[in-house]
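Inspection log for the structure reproduced underneath, given as structure tokens.
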Protein chains: 2
Amino acid sequence: MINISKAAKAAGLPVKTVRYIGNIDLVAAQQRSASGYRLYDDRSLRKLIFVRRTRSFGFSIEACRDLLDLYHDSGRSGFDVKRLAEGRLTNIDQKQHDLQSLLDDLSHLIHAWRGDQRPECPILEYLA
Amino acid sequence: MINISKAAKAAGLPVKTVRYIGNIDLVAAQQRSASGYRLYDDRSLRKLIFVRRTRSFGFSIEACRDLLDLYHDSGRSGFDVKRLAEGRLTNIDQKQHDLQSLLDDLSHLIHAWRGDQRPECPILEYLA
DNA sequence: ATAGGGGTTCCAGTAACTGGAATGTCAAGA
DNA sequence: TCTTGACATTCCAGTTACTGGAACCCCTAT
């Protein structure tokens, strides 16, 4: 059981954001101490990490919630799960493709910048 | 020269957002028609695409602005450019690592969900 | 020439934080 | 034991990056 600042640090999120994530019922602390301090166990910490990752790649809070819900809502039918998963799959494929393009762009940019001189080739040439 | 709806479609952004991106002086239309319509050329379109990509992976507007500025501000010294570029590099390395983790997580999730049945293995087991 | 589907600006609202004030708690040192 | 400083709490206001809507203008095709 770790307190909020340790959880925040381990998850790579600001403490404020961890509190916010709890306030909107996305990831709650596993319990509170006698004096009301949030206490996170390993599972809630993993959820925070998952939230940081999904959020940092542009998924909405509600998308995160859906993904996390899949784990919790054991009453959900196999069909529902599959449909939701398939939806996300398309989404992820696009993201993956997009990320590749961005990494290509940035990689070109970085290599062009590596020297001390401004590259001759205009940076935006690389942006497809 | 294409109008805003074509530019928006080509860039994968809502028209509203393209206008917003212009309003905050991030990417302006190359010119306006006689009647005030925004007109985008190839270069401004490429910038919009670049902005969508960077934004969709969690870079702030100001980070986008810095990257785009590197292209425009030809008065910038080689040193400045290099320092800024090196800063972004670290950033990108982290993102890349992070993305790999997220893709691993999601890939596990997806494969676990592919069948009609809820997987036996709890989803969050995969979240490192 | 006119109807419909664009475009424009401006202003208000939303999502996801983020900062700050007021207050409570805990652990370490005098 | 007391105190002091770094942490925690809630609540409320402010910011960033859109997003929707009203009111109005423009262009194309019947």
Side-chain angles (χ1 to χ4, degrees), chain A residues 1-41 44-45 47-69 91 95 98 102, chain B residues 1-41 44-45 47-69 91 95 98 102:
Chain A
M1 285 306 205
I2 57 177
N3 68 11
I4 196 167
S5 61
K6 283 180 183 163
K9 190 167 188 184
L13 288 167
V15 169
K16 274 270 181 187
T17 302
V18 174
R19 253 182 230 118
Y20 173 75
I21 285 169
N23 289 343
I24 61 171
D25 295 317
L26 186 57
V27 178
Q30 197 266 335
Q31 62 168 274
R32 296 287 185 119
S33 75
S35 52
Y37 283 25
R38 288 166 179 83
L39 296 173
Y40 293 85
D41 60 354
S44 48
L45 175 56
K47 288 185 195 174
L48 288 177
I49 292 169
F50 181 72
V51 167
R52 179 184 52 74
R53 286 202 189 119
T54 49
R55 291 287 306 130
S56 81
F57 291 108
F59 288 91
S60 72
I61 293 280
E62 291 316 306
C64 289
R65 198 189 298 280
D66 284 347
L67 289 168
L68 288 171
D69 278 357
N91 220 290
K95 277 258 166 249
D98 241 44
L102 180 59
Chain B
M1 287 305 206
I2 56 177
N3 68 12
I4 196 165
S5 61
K6 282 179 184 163
K9 190 167 188 184
L13 289 166
V15 168
K16 275 271 181 187
T17 302
V18 174
R19 251 182 233 119
Y20 172 76
I21 286 169
N23 290 343
I24 61 172
D25 295 316
L26 186 56
V27 178
Q30 196 267 333
Q31 61 168 271
R32 294 288 184 118
S33 76
S35 52
Y37 284 26
R38 289 167 179 82
L39 295 174
Y40 293 86
D41 61 354
S44 49
L45 175 57
K47 288 185 196 174
L48 288 177
I49 292 167
F50 182 73
V51 168
R52 180 184 50 76
R53 286 200 191 123
T54 48
R55 289 287 307 127
S56 82
F57 291 108
F59 288 91
S60 72
I61 292 280
E62 292 315 307
C64 289
R65 197 188 299 280
D66 285 346
L67 289 167
L68 288 172
D69 278 357
N91 219 288
K95 277 258 166 250
D98 240 45
L102 180 59

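Both backbone and side-chain heavy atoms feed into the values below; hydrogens, waters and symmetry mates do not. A, B, ... follow the sequence lines: proteins, then strands. Residue 1 opens every chain.
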If only atom types and distance count, is the side chain of B:Thr54 paired as donor or acceptor with the main-chain N or O of B:Phe50 below 3.5 Å? yes
Is there a donor-acceptor contact under 3.5 Å from the side chain of A:Arg32 to the main chain of A:Tyr37? no
Nearest-Å distance, [atom1] ([X]) to [atom2] ([N])?
{"X": "A:Lys16", "N": "D:dT16", "atom1": "NZ", "atom2": "C1'", "result": "16 Å"}
{"X": "B:Tyr20", "N": "D:dT19", "atom1": "OH", "atom2": "P", "result": "10 Å"}
{"X": "A:Arg19", "N": "C:dG19", "atom1": "CZ", "atom2": "P", "result": "13 Å"}
{"X": "A:Lys9", "N": "D:dA8", "atom1": "NZ", "atom2": "P", "result": "12 Å"}
{"X": "B:Ile2", "N": "C:dG6", "atom1": "CD1", "atom2": "P", "result": "15 Å"}
{"X": "B:Leu26", "N": "D:dA17", "atom1": "CG", "atom2": "P", "result": "10 Å"}
{"X": "A:Asn23", "N": "D:dC12", "atom1": "CG", "atom2": "P", "result": "13 Å"}
{"X": "B:Ile24", "N": "D:dT16", "atom1": "CD1", "atom2": "P", "result": "11 Å"}

With A:Arg65 as reference, evaluate A:Val27, A:Leu26, A:Val51 under the side chain to side chain contact (heavy atoms under 4.5 Å, CB included) test and give the passing residue.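 Filter result, single survivor: A:Leu26.
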Using a cut-off of strictly less than 4.0 Å, decide whether A:Ser5 has a side-chain nitrogen or oxygen near OP1 or OP2 of D:dA8. yes
Is there a side-chain polar atom (N or O) of A:Asn3 under 4.0 Å from OP1 or OP2 of D:dA8? yes
About how many Å separate [atom2] of [Y] and [atom1] of [X], when rounded to the nearest 0.5 Å?
{"X": "B:Met1", "Y": "B:Leu45", "atom1": "CE", "atom2": "CG", "result": "11.5 Å"}
{"X": "A:Ile21", "Y": "A:Leu13", "atom1": "CD1", "atom2": "CG", "result": "5.0 Å"}
{"X": "A:Leu48", "Y": "A:Thr17", "atom1": "CG", "atom2": "OG1", "result": "10.5 Å"}

Return yes if the base of C:dG6 and the side-chain atoms of B:Lys6 contain a donor-acceptor N/O pair under 3.5 Å, otherwise no.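 For B:Lys6, whose side chain was compared with the base of C:dG6, there is no donor-acceptor pair (under 3.5 Å).
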Kindly indicate, with the supporting measurements, whether the criterion side chain to side chain contact (heavy atoms under 4.5 Å, CB included) is fulfilled by A:Arg38 and A:Arg19. CA-CA 9 Å; A:Arg38 288 166 179 83; A:Arg19 253 182 230 118; 3.4 Å; yes
Sorted by number, residues from residues 31-40 of chain B placing a heavy atom under 4.0 Å from DNA chain D are B:Ser35, B:Tyr37
Once you apply a heavy-atom cut-off of 4.0 Å, does B:Arg55 come out as touching a base, just sugar-phosphate, or nothing?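 Sugar-phosphate contact only.
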NA contact type, B:Ile4, heavy-atom cut-off 4.0 Å: base, sugar-phosphate, or nothing?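 Answer is sugar-phosphate: B:Ile4 comes under 4.0 Å of backbone atoms only.
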